[in-house]
Colleague: 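Structure below; questions to follow.
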Amino acid sequence: MIGHLAYAAGSPCPTFVLDAARLPREETALLVHLAEARRYLASAGGAHVLKIALVEPSAHPMFDLDYRFVQALPGAADQFDLRGSCGHSILSAVVAAARSGMLERLVPGVRIRVNVLNNGDSVVCEVDGVERDGVRFTVAFVQPRPVPFTELLPTGLPRTVLDTGGERHEVSMVASANTYAFVDARTLGIADTAALFGAGDGLLARLELIRGAAADLLGWRRDGAFPKIAAILPGEDGGLSARAVTVPGWHPTIALTGAVCLGTAVRIPHTVPWRIAREQGAPDGLVDITTPGGRTAVAAVTALHADGSGDGALLWSSVARKHVTFQGSFVLEPLSHLQFEEVAQCLALSGAA
């Protein structure tokens, strides 16, 4: 089997892309194979690669690619979370699939339609530009039908109070692309963007406790990767500032799915992001998000229900200016140490390691 590595700018690590058709369908057997693949990666200095994408041409006439995300967890090689998705990984998978011949050649204007098996998302990846080893995309998360806001709130409420065993925290739990808990950083004693971006392990530990309480409420495993969590507050230029947590610590920017979820949450009345956006005087349209690693912008398009009830519904969300670098391919079986050395050099040169 051939493995591929691709890195989406803003992601905490590259994505390891494999052909799903060459792997077992049954989950237990699949995870045994993936654990072995992780050990191969670790032997080449790739232990930090915690994102795995399983792809194959889709049999569904509406899609080009079936995609399944696997979040590898730190520690033992056989620990995984298959619950959620990853937008950066989707883009990396598209680039790797095209390089392997699974998809047509990527040229400006081409749209690749991805069926996300983890959660049923429909993602359209439009190519904006192509370089020697990189591709630029605009990404749209398209709903097959208008999704009422009530279906995007896992607790049924725009704000939920979580108990972390001594402290109570108000969060908004929103499920769009991935499930996130958004908390106003000011309620945690963080006054402004500089303090948010400069915060260290103390804030990280508090957010992990809140995330754990959110996982308990959903009935999910505490030591998994989902739900995600992000602390937000008003930005200095009218947008929002965000600090997100990933596996196994601070996210360098914010996940693409996190940007989509935050952009959606801004449009849902009375959520924490909705309130902060209104403080900024920019409740609708494009949402500018500032993170420690840069800026991104997301647009969430919503509509009223056809019955005139006034309840909103999500139509689609879009994020532009995403860049992916293809890093290389190598043989997994049989194991080739020479090729792994080459892959390790690619990782080091890319700065992703």
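As a basis for the values below, the full set of heavy atoms in this structure was taken, side chains included, without hydrogen atoms, waters or symmetry mates. Being a predicted model, the structure only gives us computed values, none of them experimental.
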Colleague: So, do Leu207 and Leu188 sit near enough that their side-chain heavy atoms are less than 4.5 Å apart?
Modeller: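 Contact flag for Leu207/Leu188 side chains = yes.
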Colleague: Can you name the residues that form a salt bridge (Lys or Arg N to Asp or Glu O under 4.0 Å) with Asp78, not counting sequence neighbours?
Modeller: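 With sequence neighbours excluded, Asp78 shows a salt bridge (Lys or Arg N to Asp or Glu O under 4.0 Å) to no residue whatsoever.
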Colleague: Return all side-chain donor-acceptor pairs below 3.5 angstrom for residues 133-148, not counting sequence neighbours, or 'none' if the list is empty.
Modeller:
from	atom 1	to	atom 2	distance (Å)
Thr138	OG1	Asp128	OD2	2.7
Arg145	NH2	Glu151	OE1	2.8

Colleague: With side chain to side chain donor-acceptor pair (under 3.5 Å) as the rule and sequence neighbours excluded, what pairs involving residues 191-202 come up?
Modeller: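 Those involving residues 191-202 are Thr193-Ser241.
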Colleague: Which residues pass the side chain to side chain donor-acceptor pair (under 3.5 Å) test with His323, not counting sequence neighbours?
Modeller: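 Applying side chain to side chain donor-acceptor pair (under 3.5 Å) to His323 gives Glu131.
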Colleague: Would you please name every residue forming a side chain to side chain donor-acceptor pair (under 3.5 Å) with Asn118, sequence neighbours left out?
Modeller: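 Once residues adjacent in sequence are excluded, Asn118 has no partner under the side chain to side chain donor-acceptor pair (under 3.5 Å) criterion.
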Colleague: Do Thr246 side-chain atoms and Gly249 backbone N/O form a donor-acceptor pair below 3.5 Å?
Modeller: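 Checking the backbone N and O of Gly249 against the side chain of Thr246, no donor-acceptor pair under 3.5 Å is found.
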Colleague: The criterion is side chain to side chain donor-acceptor pair (under 3.5 Å); which residues satisfy it with Asp81, sequence neighbours excluded?
Modeller: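 Applying side chain to side chain donor-acceptor pair (under 3.5 Å) to Asp81 gives none.
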Colleague: Could you tell me whether a side-chain N or O of Thr271 sits under 3.5 Å from a main-chain N or O of Ala265, the two making a donor and an acceptor?
Modeller: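 Indeed, once roles are kept as given, a pair shorter than 3.5 Å links the two residues.
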Colleague: Looking at residues at least two apart in the chain, or sitting in another chain, which of them share a side chain to side chain donor-acceptor pair (under 3.5 Å) with Thr257?
Modeller: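 If we apply the side chain to side chain donor-acceptor pair (under 3.5 Å) test to Thr257, skipping adjacent residues, the hits are Asn178.
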Colleague: His251 and Ser11: which non-hydrogen atoms are nearest, and at how many Å?
Modeller: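 Heavy atoms of His251 and Ser11 come nearest at CE1-CA, 4.3 Å.
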Colleague: Ala259 and Val319: which non-hydrogen atoms are nearest, and at how many Å?
Modeller: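 Scanning both residues completely, I find the closest heavy atoms to be CB-CG2, 4.4 Å.
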Colleague: Once salt bridge (Lys or Arg N to Asp or Glu O under 4.0 Å) is applied, do any residues pair with Asp64, and if so which ones, sequence neighbours excluded?
Modeller: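 Testing Asp64 for salt bridge (Lys or Arg N to Asp or Glu O under 4.0 Å), a comparison that skips the adjacent residues, returns Arg113.
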Colleague: CZ of Arg111: more than 12 outside heavy atoms within 6.0 angstrom?
Modeller: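 Counting neighbours around CZ of Arg111, 12 or fewer heavy atoms of other residues, nucleotides or ligands fall under 6.0 Å, so no.
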Colleague: Run the side-chain contact (heavy atoms from CB on, under 4.5 Å) test on Thr164 and Arg206 for me, step by step, so that the C-alpha distance in whole Å, both residues' side-chain angles and the decisive distance to 0.1 Å come before the verdict.
Modeller: CA-CA 9 Å; Thr164 59; Arg206 294 182 75 187; over 6 Å; no
Colleague: Determine whether a donor-acceptor pair (N or O, by modelled atom type, separation under 3.5 Å) exists between the side chain of Gln280 and the backbone of Gly235.
Modeller: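 Looks like yes, one N/O pair under 3.5 Å.
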Colleague: With a 3.5 Å distance limit and no angle check, can you tell me whether Arg267 reaches the backbone of Ala300 through a side-chain donor-acceptor pair?
Modeller: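 Side chain of Arg267 to backbone of Ala300: a pair is present.
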Colleague: Look at the side chain of Asp19 and the backbone N and O of Ala21, then say whether any donor-acceptor pair between them is shorter than 3.5 Å.
Modeller: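 A pair under 3.5 Å: yes.
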Colleague: Exactly one of Val110, Ile90, Leu65 should register a side chain to side chain contact (heavy atoms under 4.5 Å, CB included) with Cys125. Which one does?
Modeller: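 Only match with Cys125 under side chain to side chain contact (heavy atoms under 4.5 Å, CB included): Ile90.
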Colleague: For Pro269, enumerate each residue passing the side chain to side chain contact (heavy atoms under 4.5 Å, CB included) test, keeping only those at least two apart in sequence or located in another chain.
Modeller: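 Side chain to side chain contact (heavy atoms under 4.5 Å, CB included) check on Pro269 returns Phe149, Trp274.
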Colleague: Say whether, by atom type as modelled, one donor and one acceptor occur between the side chain of Arg159 and the main chain of His270 under 3.5 angstrom.
Modeller: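 Yes; at least one donor-acceptor contact below 3.5 Å.
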Colleague: Output every pair passing ring-ring contact (aromatic ring centres under 6.0 Å, His included) with a member in residues 173-232, not counting sequence neighbours, ordered by first then second residue.
Modeller: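 Sorted pair list: Tyr180-Phe182.
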Colleague: Could you go through Leu209 and His169, starting from their C-alpha distance and side-chain angles, then the distance that decides it, and tell me whether this counts as side-chain contact (heavy atoms from CB on, under 4.5 Å)?
Modeller: CA-CA 10 Å; Leu209 284 175; His169 302 279; over 6 Å; no
Colleague: Does anything in residues 230-254 pair up under salt bridge (charged side-chain N to carboxylate O under 4.0 Å, His left out), and if so which pairs, sequence neighbours excluded?
Modeller: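 Listed by first then second residue: Asp237-Arg295.
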Colleague: Do the ring planes of Phe69 and Tyr67 sit parallel (below 30°), tilted (30 to 60°) or perpendicular (above 60°)?
Modeller: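 The rings of Phe69 and Tyr67 lie parallel, inter-plane angle below 30°.
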Colleague: When hydrophobic residues are tied together by side-chain contacts of less than 4.5 Å, even through go-betweens, does Leu256 share a cluster with Val124?
Modeller: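 Leu256 does not cluster with Val124.
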Colleague: I need the minimum non-hydrogen distance between Ile289 and Val298, along with the two atoms involved.
Modeller: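 Distance-wise, the nearest heavy atoms are CD1-CG1, 3.9 Å.
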Colleague: Give a yes or no on this: more than 12 heavy atoms of other residues, nucleotides or ligands lie within 6.0 Å of atom CZ of Arg321.
Modeller: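 Atom CZ in Arg321 is not packed in, count stays at 12 or less.
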Colleague: Under the rule for ring pair (Phe, Tyr, Trp, His ring centres under 6.0 Å), what residues qualify as partners of Phe326, not counting sequence neighbours?
Modeller: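 By the ring pair (Phe, Tyr, Trp, His ring centres under 6.0 Å) rule, Phe326 matches no residue at all.
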